[in-house]
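Structure record follows, encoded as structure tokens.
Nothing here was measured: the structure is a model prediction, and the numbers come from that model. Heads up: numbering here begins at 1 and tracks the sequence.
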Amino acid sequence: MLQGFKDVPRTVWLLAAGVFVNAVVSFTFVFVFLYLTGPRGLGTFEAGLVTGIGGVGLVAGNFTGGWYGDRFGHRRVLLTASALGGLALTAVPLLPTALLYAALPLAQYTSGVVRAANAALVAVTVPEGARRQAFAVVRCVSNGGFTLGPPIGALVATGASYDWLFVGDGLGTLFFALWTARVVPARGASRTPSAAPDGGLGGGGGGVLRALRARPAVVVLLGAILVTDLVYRQQYVTFPVFLADQGLDARFFGFVIALNGGVILLLELPAAVALRNRPALPVIGTGLVLVGAGYAALLLGAGLAGAVLMMVLLSLGEILYKTTATAYVADQAPEHAVGRFQSLYAGVSVSGVVLGPPLGGALYSAAPGLLWPLCAALAAGAGGAVLWASRIRPAGAGAPERDGATARAGAVGAVARDGAIARAGAVEAVARDGAAGGAVRGGPPGPAPGVAGGAAGSATRGATGT
């Protein structure tokens, strides 16, 4: 399996190490509501307002982080946002309660900016054909960190105080900024000489809307991810309420959520390698359909078997669609808009954080029996739309949209075709020379130009010095 990650640059592995450490200490999001209603003495409405504004900030940061990166450089934006977010979190214990309405949303906003900038930085660092594996590495270590973080946070909160949670999270974010500055050089984080030193292009090169119009399958994908994320987030919102209504306690919910993390940690990397040569959109569409199938499993009942089956299917769907979709959007992005494409995907992929709770909660309160069938239908419909989009041909083109898998296949095919033509030409030349002079004059033919050109082109596309 390790052979499948040979094209992932060393810089990405080092960046992933920083992501892991930062994820381990990013435990404040789990305990912020308890902190606000406990030590800070806010009521549930006020605490909900602060966290709600923070959720809006998170989504807004995801939508804008890549735009900043295309203008100023992805590395520079990631470092700035990490520093601001780390300082804001570290200062939380010292701030009066009134300022938390600004400080916590600011921290969430910078977290969203970091997420989008990090994805764009990986996209401009990794060559086409290896991005699925690279994003899988980053996602896997992030999930591993988030799995370890909450238990550690609980020990800190009970053994010391909630204040130390924010200090630890802030210091971890500042560490990530310093680590990124160390392992990602300021120059070489882009694939083209015209780019800014760390991946930005100064905002030039044409509009995003024009680029999206030329890539209709990307538009369909973004809409499908938006719908699916509303469904996906119900596992954290209405699903635990559903289990409680069936007489199952929080420990059962914790077990099921832990199962999600376990399946992802076990299978994400092998799946990325096994499917790296498959066209992206069919893989994504299948994953979305599996998410729908997971919620459909709840129609069998809320017992152990139904809940476990639901989470296994949901986890398998997540493995198929999240990494692959992130890499596909990176493959489709024009050079001048890598960050903005990543921001569009990052934004829709967390929109359910804000939209999922009110919509799912309202439907569950009004018609609880309708929620799971609707979730299943929406996710399956989104998957069907992506599968249909895999057949769309881009505007003005005669072939389906390109992704990393088709790029690899095309490069290999071109090399093979050029090599075959060159060999055929050489044989014919030998035959002619032999007929004319009775012998082959000179040594063996040199490397076929087509092969050399194909290798050079592939190397040029993959040259990323981060």
Side-chain angles (χ1 to χ4, degrees), residues 29-34 36-37 42-56 58-59 108 150 223-261 263 287-318 321-322 347-385:
F29 74 97
V30 177
F31 301 97
V32 64
F33 198 86
L34 294 174
L36 294 173
T37 56
L42 295 181
T44 54
F45 173 79
E46 291 83 0
L49 181 62
V50 174
T51 54
I53 297 173
V56 173
L58 176 67
V59 174
Q108 287 284 73
I225 297 299
L226 174 63
V227 171
T228 303
D229 200 59
L230 296 177
V231 173
Y232 173 82
R233 303 292 170 181
Q234 298 307 312
Q235 65 176 304
Y236 305 113
V237 182
T238 51
F239 179 55
V241 178
F242 171 72
L243 293 178
D245 289 344
Q246 306 299 315
L248 300 170
D249 60 17
R251 288 175 298 177
F252 184 81
F253 172 66
F255 163 74
V256 174
I257 292 297
L259 180 63
N260 171 254
V263 172
L288 301 183
V289 171
L290 283 175
V291 171
Y295 284 100
L298 293 178
L299 301 178
L300 303 175
L304 176 62
V308 168
L309 178 60
M310 172 263 191
M311 191 53 68
V312 169
L313 290 172
L314 192 71
S315 302
L316 294 176
E318 180 179 351
Y321 91 80
K322 288 202 170 184
V348 298
S349 71
V350 297
S351 293
V353 171
V354 173
L355 300 177
L359 294 177
L363 181 58
Y364 189 77
S365 298
L370 183 60
L371 179 60
W372 305 134
L374 182 60
C375 285
L378 287 173

- Message: Which label fits Tyr236 and Tyr232: parallel for a plane angle under 30°, tilted from 30 to 60°, or perpendicular past 60°?
- Response: perpendicular
- Hey, can you tell me if Trp372 and Tyr364 have their rings parallel, tilted or perpendicular (30° and 60° cut-offs)? tilted
Which pair of heavy atoms, one from [X] and one from [Y], lies closest together, and at what distance?
X      : Y      : value
Pro368 : Ser365 : CD-O, 4.4 Å
Leu259 : Met311 : CD2-CB, 4.2 Å
Leu230 : Gly356 : CD2-N, 3.9 Å
Phe29  : Val32  : O-CG1, 3.8 Å
Gly384 : Val289 : N-CG2, 4.4 Å
Gln234 : Pro240 : O-CD, 4.3 Å

First locate atom [atom1] of [X], then atom [atom2] of [Y], and finally report the distance between them rounded to the nearest 0.5 Å.
X      : Y      : atom1 : atom2 : answer
Asn260 : Phe255 : CG    : CZ    : 12.0 Å
Leu288 : Lys322 : CG    : NZ    : 10.5 Å
Leu49  : Leu42  : CG    : CG    : 9.5 Å
Leu298 : Gln235 : CG    : CD    : 10.5 Å

Are [X] and [Y] packed together at the side-chain level, in the sense that at least one heavy-atom pair is separated by less than 4.5 angstrom?
X      : Y      : result
Thr238 : Leu371 : yes
Gln108 : Ile53  : no
Phe239 : Tyr295 : no
Phe242 : Leu248 : no

- Message: Using the side-chain contact (heavy atoms from CB on, under 4.5 Å) definition, which of the options Val263, Leu290, Val291 pairs with Ser315?
- Response: Val263
- Do any N or O atoms from the side chain of Asp229 and from the backbone of Gly352 form a donor-acceptor pair under 3.5 angstrom? yes
- Task: Output, in order, the C-alpha distance, side-chain angles, deciding distance and verdict of side chain to side chain contact (heavy atoms under 4.5 Å, CB included) for Met310 and Leu300.
- Result: CA-CA 10 Å; Met310 172 263 191; Leu300 303 175; over 6 Å; no
